[in-house]
Every structure is written in C-alpha cells, then in structure tokens.
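These notes concern the structure reproduced below.
In what follows, residues are counted from 1 in the order of the sequence shown. What you see below is based on every heavy atom in this structure, not just the backbone, and it leaves out hydrogens, waters and symmetry mates.
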Amino acid sequence: TSPCMDLSGLSRPVLSLDMWLHTFPGVSGVVMQYSKDQGLNWINLGALNDGGVDWFNRLLIIGNPGEQQFGQVGWSGDTNTLSAAYANGRGWFRAKHNLDVLMNDTSVTLSNLRFRVAFASGTDSTYEGVAVDNIYIGERNKVVLLEQFENATSANSKLAYDRIHPVLQKYSPDDIIAVYYHPYFPEKDIFYIDNQSDVNSRITFYNVTSDAISVLDGNYFNGQSGFWDSTTLFARMTEDAPFDISITSLKSPANVMSVSASILANQFVDSSITSVTVHMIIVERQVDSTVVPNPKNKQLVYEYVMKEM
C-alpha cells in the first residue's frame, strides 16, 4: 500500500508495474486498486478487457483479492505457462493502465490518492505467489496517429465519420491526431483531385481498396472503421512512445511554410536500421461542405484533410 500521493501536477498520468505470477489459476490472484478517502475504501483500477496493456486476465478469482464486492477480477495463473504476451519468455510481464478515470472524477482529490496491490490466496500451498517490481506513475508520452480514408461521394464514409468524430472530440491532440486522405473510389472527389499523387502513395503503401478504412499507428490496426473503438485506442495510447518528435515552425516568406523536426529515440534502435523516413503532412483542420460540388454523403464538414505530404 502506498502513502498518499499527489497527482495534481500530471495531465496524462499512467501507472505501470512489472509482475510475475505463480498462482493457482482462478483461485489465487492479485489486483491493483486505488483509494480516494485515505484507505477507507478501495476501488479497482480498470477492468478486464478495458484497453489496459496486459491488465487483469481473470474474472471470479475465488480468493477475491482486494475484497471486491463483485467480479473478483485481477491477475491469476502462472506466467510461465500463460500466453507469450504475459510471459515474455521469462515469466515477467509489464502491465500498464492510464489514470484517466481519476482525472475525470470530480470527487477525487488528486493530491490525496493511495494505491495498493492486493493479493489473496486459496489453499494452493504448492504455488509461490506473486512478485511485483518497478511500479511507476508518470506522464504518458504516446500520441496515436489515425490515418483515415474517406470520400465525399460515399455514404459509408459518412457513417465512419459519424462514428470516429466523437472519439476525436473526446481526446486531445496529445492523445490522438488524425489525417484524412480522400481516395479516388468510389468516385474522385474534389479533395482527391486537389492532390492525387500523395493520396495514391498512401493507398499503395497501406494496400487500401475501399473507403471508410482506418489505419492506426501504421498498421497497428488496418481495416474497416467499424472494427476499432475507444478500447483499441485506449490500449495504444498507453504504450510508450518509441520516439520523441519536436516540430518547430521557421520564419518563412508569404505563402510558404517551413518547419524543422528533431527526432529522439526513446528505445534501443537496432544497428541494422541505418535510415528513418519522416513524412511531414499539412492538413486543413476543417472544410465546409459548401465548397464540395455535389457531395453525396451529406457530411457537413470535412476535417483534417491532407493538403500536402
């Protein structure tokens, strides 16, 4: 159990920890909890399959870690025999979960929070239990890139926009940024005609054959827009950013945009990688539909339209 902790200086906090499990599956287990009343009551941090990275793998743990009123959720089992995502070849795995639930709860005093790892066992005396190390709370640094293929002549693109737009509204540009490409199918629209070569290069790169296609973080997800949701995004933005990228606008003459970018690796880069390709993209934040001749999808605005790459 932690002492009282002050998270008021964080804007996008994440909690991570290393764990090793050797418990009777479904009988003994462990859960991560937080308290907003100095330890009088404890609340599970997250849930099963809620988008956390390797976060909780079992419901109805008989030992009931953390004395939960229902669900009895947590980690349980033997990480030497669980999937590779947990075992990592040596039994230890790193679990992560963002702390947005605390930031969005008006009843939480961010300067007065406590956390605990609660373990409970059954009668499985032949198992060794659980080990926890390297607990970390700090700012997350990952920005997810959404590359969306939509077309002003397609009703499917309008459906995809209606589904994705609230997600983009929910999160800040520190969490997710979007680029919309307008392909030539089902018909060429005004945005495709405006810049065909750059759009075609992305169509080829991602092997896109229809509109209403989403690409998250360069093929982390590549498919129909209806097959990813906030849970997919939740997990991705909890990951560590492999690079820090800083962009600076430079003094430029009229009608010219000049920028510089610096890239710092946050992780080990294999020595076989001798070059990195960087794409700089200019987007138009919002385009009113009145400039689109004969739009067929009845979309009122077009957002994050790629202008130049």
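Salt bridge status for Glu239 with Lys142: absent, with no side-chain N to carboxylate O gap under 4.0 Å. Here Arg236 pairs with Asp217 in a salt bridge; the nearest charged N to carboxylate O distance falls below 4.0 Å. Of the charged side-chain nitrogens involved, at least one lies within less than 4.0 Å of a carboxylate oxygen, so that Arg140 and Asp175 count as a salt-bridged pair. A salt bridge links Lys158 to Asp162: one of the charged nitrogens lies within less than 4.0 Å of a carboxylate oxygen.
With sequence neighbours excluded, the residues forming a side-chain hydrogen bond (donor to acceptor under 3.5 Å, both in side chains) with Asp288 are Thr290, listed by chain and number. Considering only residues two or more places apart in sequence or on other chains, Arg58 meets the salt bridge (Lys or Arg N to Asp or Glu O under 4.0 Å) condition with none of them. For Asp6, there are no salt bridge (Lys or Arg N to Asp or Glu O under 4.0 Å) partners, not counting sequence neighbours. In this structure, Lys188 has no salt bridge (Lys or Arg N to Asp or Glu O under 4.0 Å) partners at least two apart in sequence or on a different chain. Listed by chain and number, the residues in a side-chain contact (heavy atoms from CB on, under 4.5 Å) with Ala47 are Asp50 (sequence neighbours excluded). By the salt bridge (Lys or Arg N to Asp or Glu O under 4.0 Å) test, Asp244 is found to be paired with no residue, residues two or more places apart in sequence or in another chain being considered. In this structure, the side-chain contact (heavy atoms from CB on, under 4.5 Å) partners of Phe227, at least two apart in sequence or on a different chain, are Phe221, Gln224. Residues passing the side-chain hydrogen bond (donor to acceptor under 3.5 Å, both in side chains) test with Ser201, sequence neighbours excluded: none. Scored by the side-chain hydrogen bond (donor to acceptor under 3.5 Å, both in side chains) test, Trp228 finds Ser214 as partners (sequence neighbours excluded). Take Asn104 and apply the side-chain contact (heavy atoms from CB on, under 4.5 Å) test, not counting sequence neighbours, and it matches Asp100. Partners of Glu67 according to the side-chain contact (heavy atoms from CB on, under 4.5 Å) rule, which considers only residues two or more places apart in sequence or in another chain, do not exist here.
Atom OH of Tyr304 and atom CZ of Arg285 lie 3.5 Å apart (nearest 0.5 Å). Rounding to the nearest 0.5 angstrom, the gap separating the CZ atom in Phe149 from the OG atom in Ser157 is 11.5 Å. Rounding to the nearest 0.5 Å gives a distance of 12.0 Å between CE of Met5 and CG of Asn112.
A side-chain donor-acceptor contact under 3.5 Å links Ser258 and Ser252. A donor and an acceptor atom, one from each side chain of Gln267 and Asp240, are nowhere located under 3.5 Å apart. Using a 3.5 Å distance cut-off with no hydrogens or angles, the side chains of Glu147 and Tyr206 do pair a donor with an acceptor. Using modelled atom types, one finds a donor on one side chain and an acceptor on the other under 3.5 Å when comparing Arg94 with Ser16. Checked by atom type, the side-chain pair Ser272/Asp270 shows a donor-acceptor distance below 3.5 Å. Tyr192 and Asn200 form a side-chain donor-acceptor contact under 3.5 Å, judged by distance and modelled atom types alone.
Taking the centre of each ring, Phe56 and Trp75 come in below the 6.0 Å mark. Between Tyr302 and Tyr180, the ring center distance fails the sub-6.0 Å criterion.
Within the structure, every pair that satisfies the ring pair (Phe, Tyr, Trp, His ring centres under 6.0 Å) test and touches residues 231-257, not counting sequence neighbours, is listed here: His97-Phe234.
With a 6.0 Å radius and a threshold of 12 heavy atoms from other residues, nucleotides or ligands, Lys170 has its NZ atom at or below the threshold.
Asp211 places none of its side-chain heavy atoms less than 4.5 Å from the side chain of Glu150.
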